[in-house]
4 protein chains.
Amino acid sequence: MRSNDRTFADTARRKQITLAAIEVIAEIGYAQASIRKIAERVGVAMSVVLYHFANKDDLVREIVHHAFREAIDAIVPALDKERTATGKLRAYIVANADFMLSHRTQYTAVFDIGMSYRTASGDRMNAITLDPDLLADIGRLDLATILRQGQESGEFRDFDVAHMTSAINGAVRNGPLLELAIDPNYDMDGYAGELVTTFDLATRRG
Amino acid sequence: MRSNDRTFADTARRKQITLAAIEVIAEIGYAQASIRKIAERVGVAMSVVLYHFANKDDLVREIVHHAFREAIDAIVPALDKERTATGKLRAYIVANADFMLSHRTQYTAVFDIGMSYRTASGDRMNAITLDPDLLADIGRLDLATILRQGQESGEFRDFDVAHMTSAINGAVRNGPLLELAIDPNYDMDGYAGELVTTFDLATRRG
Amino acid sequence: MRSNDRTFADTARRKQITLAAIEVIAEIGYAQASIRKIAERVGVAMSVVLYHFANKDDLVREIVHHAFREAIDAIVPALDKERTATGKLRAYIVANADFMLSHRTQYTAVFDIGMSYRTASGDRMNAITLDPDLLADIGRLDLATILRQGQESGEFRDFDVAHMTSAINGAVRNGPLLELAIDPNYDMDGYAGELVTTFDLATRRG
Amino acid sequence: MRSNDRTFADTARRKQITLAAIEVIAEIGYAQASIRKIAERVGVAMSVVLYHFANKDDLVREIVHHAFREAIDAIVPALDKERTATGKLRAYIVANADFMLSHRTQYTAVFDIGMSYRTASGDRMNAITLDPDLLADIGRLDLATILRQGQESGEFRDFDVAHMTSAINGAVRNGPLLELAIDPNYDMDGYAGELVTTFDLATRRG
DNA sequence: AATGAATGAGTGTTCATTCAT
DNA sequence: AATGAATGAACACTCATTCAT
């Protein structure tokens with residue numbers, strides 16, 4: 001199966017396998033998610049997965065692409081709706097939280113991949129293998145840009161942008177990670193609301 | 001090898017293996033860290049590791065115990081020095097950051113274990129298998145308690161304690177995780193300083 | 001696809017695939033030459049190969065047939081031109097060498113098949129599966145016949161024909177095999193000349 | 001199992017596996033000789049083979065080393081016994097033939113490895129991976145040296161040494177290869193005798 | 001206390017072949 | 001005539017674990 005020139009049926013199978021892989025990884029973790037188990041989830045032979053994907057890395061790449069693509073589609077419009085940095089920051093937090101909640105399986109899987117994936121030599125997954133177009137789009141949901149804009153407009157106080165970015169992303173994305181994975185009724189909306197207040201207080205010009 | 005009644009030499013070997021395992025896991029990730037590679041790091045035969053530890057789970061438990069014990073020893077005194085909730089929160093952030101910086105290998109390894117470790121059936125490492133004494137002590141560095149104290153004393157505003165706990169822990173512990181693992185010169189002190197300001201602004205009574 | 005009743009286009013495709021297979025086998029060796037790689041060389045789907053050939057064995061047989069047919073066409077006329085056994089022996093050596101040089105890819109491939117090919121049960125390719133007509137023609141370039149003729153005519157001394165056949169064929173066909181496969185400028189003509197002298201001295205009646 | 005510091009038992013197992021591998025390769029060919037089949041021949045689990053050898057290449061290297069070592073031990077003394085180039089050439093032919101006959105399984109296996117072995121990228125086995133000490137010793141059974149000596153001493157006529165080397169080696173080693181592998185009663189001694197005469201006639205100064 | 005040997009279960013991957021279209 | 005899809009068998013290799021010494 002060459003990577004270009006895909007048929008409709010092939011695209012459908014690839015998507016089916018990708019979604020099944022996301023489920024399996026979210027459930028049992030990337031390290032335990034073998035191609036065999038993923039194939040079982042789909043209900044096909046293991047070799048079917050390797051017919052549609054060149055190798056496991058190829059499947060992982062597809063999962064990450066799929067997830068980022070959906071994240072971009074969900075979050076970027078929400079950011080674009082806002083004009084002020086204050087509004088964009090609020091939208092960033094809420095949109096990220098909404099996405100994590102509505103795509104929780106996917107989110108859990110990709111996060112797990114990000115943590116667990118290593119090459120045979122132990123190196124982490126680096127962005128190089130990702131599609132350049134996708135990488136460009138990922139840049140459009142960059143928090144640091146929003147924070148810089150807010151400082152330039154005078155909305156935000158004079159914090160270190162890199163550090164504040166780490167802080168907000170750590171809080172938004174990683175804070176409720178375990179609860180989200182475990183508790184199906186986790187109050188993500190409440191969490192997002194609390195974060196909005198928190199970082200509004202923490203960033204606004206005194 | 002029964003778990004009680006350990007000789008001095010035996011205890012030393014266990015510690016040596018535990019430290020080697022931490023190094024290996026931090027370097028190549030938990031999933032790639034086989035017992036054989038850990039034994040090679042120590043310079044002994046693979047079976048020596050399994051002579052001193054009942055199985056791999058047992059070794060993992062020891063690593064986690066070791067790390068938490070050190071974290072408690074480093075952080076709890078810093079909290080106890082402070083009387084006010086405001087002071088304790090500041091100390092909590094700074095002490096956690098200091099610990100992450102000075103024990104970065106250990107921290108990276110345990111975090112990786114936390115993310116990657118699953119039982120054969122896919123379950124996450126749950127607190128049940130940890131030593132009850134240790135669990136009690138872990139409670140002593142519980143952030144939620146500090147936050148509640150601050151609300152009761154009137155120092156803090158009326159936020160949701162569980163959510164604020166997630167937010168602060170997400171920011172402190174996970175925000176700079178990748179940078180810390182990759183960049184040996186990461187400005188952790190600067191990050192801690194920014195967090196202190198951020199969460200002071202975010203928590204104090206208007 | 002029945003083996004008789006082939007259309008023109010079909011025959012052309014078979015030949016195209018056969019030639020591609022020869023190239024691939026010569027380059028990477030029979031063991032590494034999968035049907036898929038051969039199809040890629042042609043620029044068609046893997047299943048096209050198996051549409052035109054019943055199975056891989058069938059393709060191999062065609063390669064061998066093709067190569068022997070060309071060898072016969074090149075060598076037999078050269079032998080027939082000579083009347084004396086001495087002349088035929090000289091022609092045999094030179095014609096074989098010429099053929100190996102001009103059809104080096106083909107020669108390398110067929111030799112590799114001869115060495116590597118085994119049935120699933122481990123048996124070597126045996127002559128039985130070859131076309132009887134072809135086998136009859138192969139007989140026409142049989143060295144032993146030439147040697148016997150020379151002994152009967154008194155040109156050659158009284159050596160063991162079977163042994164001398166093995167010796168000459170080993171020298172002609174296998175001696176420079178590796179050099180021929182590796183060095184594109186190998187002096188095959190010089191080699192053939194040396195062999196002519198060598199076996200003239202070795203066979204002629206004192 | 002580290003490559004140095006081997007125990008007695010380990011050495012014995014390695015040898016046992018090496019000999020079994022030689023048998024299996026000689027019987028069914030290198031391409032068909034999987035680690036599993038080799039292990040079955042020994043009567044152990046497949047993983048036992050990979051416990052004693054780092055990987056399949058390691059096993060192949062050991063087979064080749066073993067075979068060359070025995071060939072050197074058998075052939076070099078026979079050459080050293082002779083003083084004249086004529087005597088050395090005769091001894092070279094006879095000793096090689098004797099070795100091929102007495103070590104026919106081994107010889108077949110190594111020849112098959114030499115022809116069939118390729119790296120994943122299709123490259124042939126190159127001498128680089130062989131032990132330097134062994135390579136030096138292999139030089140001691142170099143035919144070209146003998147031929148040059150004979151030309152310098154005036155025993156031999158003025159042929160091209162490289163070509164004559166190819167011719168003799170092709171005749172000696174490859175001529176009766178198939179017969180040797182197939183026919184257990186092949187008259188190797190007779191063949192060697194015929195070759196001695198043949199190349200005596202072909203090389204001596206008129 | 002330490003270890004070499006062995007092993008079965010599992011991994012990702014390749015391959016020739018079948019079949020419906 | 002051509003091909004995309006699917007598959008089971010085989011492959012080399014890794015791993016945690018057991019056991020006798």
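Just so it is clear: chains get the letters A, B, ... in the order the sequence lines come, proteins before strands, and each one is counted from 1.
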Main-chain N/O of C/Ile35 paired with C/Lys56 side-chain donor or acceptor, under 3.5 Å: no

Between F/dA12 (P) and D/Asp58 (CG): distance, integer Å: 14 Å

Shortest non-hydrogen contact from A/Ala109 toward A/Ile22: CB-O, 3.6 Å

Sidechain N-carboxylate O distance under 4.0 Å for D/Arg41, D/Glu27: yes

Per-nucleotide protein contact string for nucleotides 13-21 of chain E, where B marks a base within reach and S marks sugar-phosphate only (heavy atoms under 4.0 Å, - for neither): BBSSBB---

Using residues 58-65 of chain D as the side-chain source, report each donor-acceptor pair under 3.5 Å to any protein atom, sequence neighbours left out, with the distance given to one decimal.
from	atom 1	to	atom 2	distance (Å)
D/Asp58	OD1	D/Arg61	NH1	3.4
D/Asp58	OD2	D/Ala54	N	3.0
D/Glu62	OE1	D/Arg14	NH2	3.0
D/His65	NE2	D/Asp131	N	3.1

Between F/dC15 (P) and B/Ile38 (CD1): distance, integer Å: 11 Å

E/dG4 OP1/OP2 closer than 4.0 Å to side-chain N/O of D/Arg13: no

F/dA2 phosphate, OP1 or OP2, under 4.0 Å from C/His52 side-chain N/O: yes

4.5 Å side-chain heavy-atom contact, D/Lys15 and D/His66: yes

Bracket notation of DNA chain E in which parentheses pair within the strand, [ ] cross earlier pairs, and | pairs with another strand (Watson-Crick or G-U, under 3.5 Å): .||||||||||||||||||||

D/Glu23/D/Lys37 ion pair, N-O < 4.0 Å: no

D/Arg14 CZ - E/dA5 C1' separation (whole Å): 14 Å

Rounded interatomic separation in angstrom, taking CD1 from A/Ile17 and C1' from F/dG4: 14 Å

B/Asp112 side chain to B/Tyr30 backbone, donor-acceptor under 3.5 Å: yes

D/Lys15 NZ to E/dA5 P, straight-line distance once rounded to whole Å: 17 Å

CD-CD1 distance between A/Gln106 and A/Ile25, expressed to the nearest 0.5 angstrom: 11.0 Å

Close side-chain approach of A/Arg13 and A/Val44, heavy atoms under 4.5 Å: yes

Phosphate-side-chain proximity, B/Tyr51 and E/dA2, N/O vs OP1/OP2 below 4.0 Å: no

Integer-rounded Å distance: F/dC15 C1' and B/Tyr30 OH: 12 Å

